[in-house]
Amino acid sequence: MADEMSQDDIDALLSGGGLGSDAEARLGPAQPVALAALAADQPPADPASINMLYDVELEVKIELGRTMLSVEDILRLREGSIIQLDKDAGAPVDIYINNRLVAEGEVLVLNDYFCVRVTNILSNKDRAISKTVG
């Protein structure tokens, strides 16, 4: 087809040499494209527009640890029963937002309430490979 670029044309563009006269004859001269034109259907980013996110509710879960129990063991649970978790005392707790692990923290008691202090926010790379709550 006449509108297709050859591999030589693509290589010339990538090397900064521009299109050859043969390609310009077939495709026409290269036209600059503004980045704004690529996103013309989207409104410009307004720093104040982040305010609309303040009312978005997210589910936050704090996981102290996990364990596996058989149905028999669950049926034996009574008030005062102790369930051993897979984490040591003092180990960081996992902080999930919308079932995605995003941070770690430490448990505190403040004015008779349990609280969690965020001690480590996971990087994007760590979040991408992190586990999710089932």
Could you see if Leu110 belongs to whatever hydrophobic cluster contains Ile62? Use Ile, Leu, Val, Met, Phe, Trp, Tyr and a side-chain cutoff under 4.5 Å. no
Tell me whether Asp86 at atom CG has more than 12 heavy atoms from other residues, nucleotides or ligands lying less than 6.0 Å away.
yes
Sequence neighbours excluded, the answer for salt bridge (Lys or Arg N to Asp or Glu O under 4.0 Å) partners of Glu106 is Arg117
Ile121 and Ala103 have their tightest heavy-atom pair at CA-CB, 4.1 Å
Separation between CG (Asp94) and CZ (Arg66), nearest 0.5 Å, reads 8.0 Å
Leu64 meets the side chain to side chain contact (heavy atoms under 4.5 Å, CB included) criterion, sequence neighbours left out, with Leu85, Val93, Val107
Those residues at least two apart in sequence (or on a different chain) that pass side-chain hydrogen bond (donor to acceptor under 3.5 Å, both in side chains) with Asn120 are Glu104
Going by heavy atoms in the side chains, are Glu63 and Lys61 under 4.5 Å from each other?
no
Besides Leu108, the hydrophobic cluster formed by Ile, Leu, Val, Met, Phe, Trp and Tyr side chains linked at under 4.5 Å, directly or via other members, contains none
Q. Would a hydrophobic clustering, with Ile, Leu, Val, Met, Phe, Trp and Tyr connected at side-chain separations under 4.5 Å, put Tyr113 with Val109?
A. no
Side chains of residues 67-80: which donor-acceptor partners sit under 3.5 Å, not counting sequence neighbours?
unit_1: Thr67; atom_1: OG1; unit_2: Gln84; atom_2: O; d: 3.2
unit_1: Ser70; atom_1: OG; unit_2: Asp73; atom_2: N; d: 3.2
unit_1: Ser70; atom_1: OG; unit_2: Asp73; atom_2: OD2; d: 3.3
unit_1: Glu72; atom_1: OE2; unit_2: Arg76; atom_2: NH2; d: 2.3
unit_1: Arg78; atom_1: NH1; unit_2: Leu75; atom_2: O; d: 3.2

Applying side chain to side chain contact (heavy atoms under 4.5 Å, CB included) to Glu57 and not counting sequence neighbours gives none
For Val56, the side chain to side chain contact (heavy atoms under 4.5 Å, CB included) test, sequence neighbours excluded, returns Leu53, Leu58
